[in-house]
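Computation of the quantities below employed the complete heavy-atom set of this structure, encompassing side-chain atoms and omitting hydrogens, waters and symmetry-equivalent molecules. In listed order, ligands and their atoms are each counted from 1. Model, not experiment: these values are computed from the prediction.
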Amino acid sequence: MRYISTRGQAPALNFEDVLLAGLASDGGLYVPENLPRFTQEEIASWAGLPYHELAFRVMRPFVTGSIPDADFKKILEETYGVFAHSAVAPLRQLNGNEWVLELFHGPTLAFKDFALQLLGRLLDYVLEKRGERVVIMGATSGDTGSAAIEGCRRCENVDIFILHPHNRVSEVQRRQMTTILGENIHNIAVEGNFDDCQEMVKDSFADQGFLKGTRLVAVNSINWARIMAQIVYYFHASLQLGGPARSVAFSVPTGNFGDIFAGYLARNMGLPISQLIVATNRNDILHRFMSGNQYAKETLHPTLSPSMDIMVSSNFERLLFDMHGRNGATIAELMASFKKGGGFSVEQDRWSETRKLFDSLAVDDAATCETIAEVYKECGELLDPHTAIGVKAARECRRSLSVPMVILGTAHPVKFPEAVEKANIGQAPALPPHLADLFEREERCTVLANDLKAVQGFVTAHGNRGKPL
Ligand SMILES: *Cc1c(COP(=O)(O)O)cnc(C)c1O
């Protein structure tokens, strides 16, 4: 499988190189040159497979030529073997023909584990083969950091440095990062805000001299392998609900358009999906595009669903690329004008075509809490605020009651107690058994000044399994 850039000017890469690449050299994002397509018979024959075996069949074409089948199977079995539910991604019924796909049974209780558990293992496998080591740097306001650290904790060839804003992440989220102890794991609490952290990571990618030749790798949501891993659970959900003979609709809480883009790919690979609902919070750039054909940046509003607090949606470029007949030059132009501060619209017929599949809704904090309370009253399910936004959007935008509606349950409610408290239902979510002692575990974290040189100095001094680079 070869991968090409959405801006058309970077060299095509194989899977291994795409895994290590992050952004393409022309500023674009990598996408498969040709998407695999499965027949209905083939998809139907996967019914009843354990999750890791289904994952093998869905993802195999993407890694062909880079990872032999037997090795890939073993990696997948290990990856999804660490999930706390034997179904890995169980479905729970809320209401008539309405289901939550629970994607929060991984080690850090959010759907990012599906991709980052796999990414860590794939990186280690490829690096071992090449005899290389890398350094990962990332900034987090919560979810991504803990999932990335959990995904890399057993990696022999990776040192990971995660920056979070000191005293500005919730205690559960901080502890999920800082209680994972390993000589290759480095938590840095920066005396600044999330943007400061992100800026330092960006600057470090731009000028990597301090790494003394070691390669820097990104694990943010534009990494192709993360999208790839997320395609699998769309097939999994569909097969549980009568697919592919029957089509299914999905409502997806999204900010960076990663999770829902995976659903769009699943459909293009042959899975019958009749509707995809983009569910956003007040940071609604995607909803403004889907409802009014305007893609324009606005100010950031902090919400009760912080994992979707974004101003621009980094993976949206991948959809734009397809929307414009995969013309890289057009995308380069659009993104250049966007960067200059202008928003853009796409041609009316392209937008209408997109709207045949996608609907959208923006849900504010008040409606999020109301939905948490409503669902709790209906069936006793306690939703996290991101998932609640998905449920609200599903109920508002649903096109057909006879098509099963699946809402992606992106996080366990215990990660976001503030929203659950505000829903005022007299219930507090509890930690699941494998994390029950989280508040007693030893923490390891270094507090550093909001200063690029201090952070880079720390990376240089510890980037080789705790020793200097
Ligand atoms: C990251 C995250 C999202 C948004 O994911 P996208 O990649 O932006 O689609 C939604 N909910 C939770 C809980 C998350 O951690």
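Atoms of ligand 1 found under 4.0 Å from any heavy atom of M308, numbered from 1 in the order shown, are 10 (C). Contact atoms of ligand 1 toward A411: 13 (C) (distance under 4.0 Å to a heavy atom of the residue). Under a 4.0 Å criterion applied to the non-hydrogen atoms of T254, ligand 1 contributes the atoms 6 (P), 8 (O), 9 (O). Close approach of ligand 1 to N256 (heavy-atom distance below 4.0 Å) involves ligand atoms 6 (P), 8 (O). Within ligand 1, the atoms closer than 4.0 Å to a non-hydrogen atom of T410 are 10 (C), 11 (N), 12 (C), 13 (C), numbered from 1 in the order shown. Of all the atoms in ligand 1, the ones that sit under 4.0 Å from a non-hydrogen atom of G258 are 6 (P), 7 (O), 9 (O).
Few gaps surround CZ on R395; more than 12 heavy atoms of other groups in view lie less than 6.0 Å from it. Other residues, nucleotides and ligands contribute more than 12 heavy atoms inside 6.0 Å of the CZ atom of R441. The number of heavy atoms from other shown groups lying within 6.0 Å of CZ (R57) is above 12.
At least one heavy atom of F111 sits under 4.0 Å from some atom of ligand 1.
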Before giving the answer on side-chain hydrogen bond (donor to acceptor under 3.5 Å, both in side chains), spell out for S345 and Q294 the whole-Å C-alpha distance, their side-chain angles and the decisive distance to 0.1 Å.
CA-CA 5 Å; S345 305; Q294 254 302 313; 3.1 Å; yes
Evaluate side-chain hydrogen bond (donor to acceptor under 3.5 Å, both in side chains) for N223 paired with R226, printing each intermediate quantity in order.
CA-CA 6 Å; N223 187 300; R226 286 185 60 179; over 6 Å; no
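In terms of N/O distances under 3.5 Å, ligand 1 is approached by K112. Ligand 1 has an N or O atom lying under 3.5 Å from an N or O atom of G255, backbone or side chain.
A tilted orientation is assigned to the rings of F338 and Y295, their planes being inclined by 30° to 60°. A tilted orientation is assigned to the rings of W224 and Y3, their planes being inclined by 30° to 60°.
In K415, neither the side chain nor the backbone holds a heavy atom less than 4.0 Å from any atom of ligand 1. Within the 4.0 Å heavy-atom criterion, the part of D143 lying near ligand 1 is the side chain and not the backbone.
Between F111 and F114, a ring centre-to-centre spacing not shorter than 6.0 Å is recorded.
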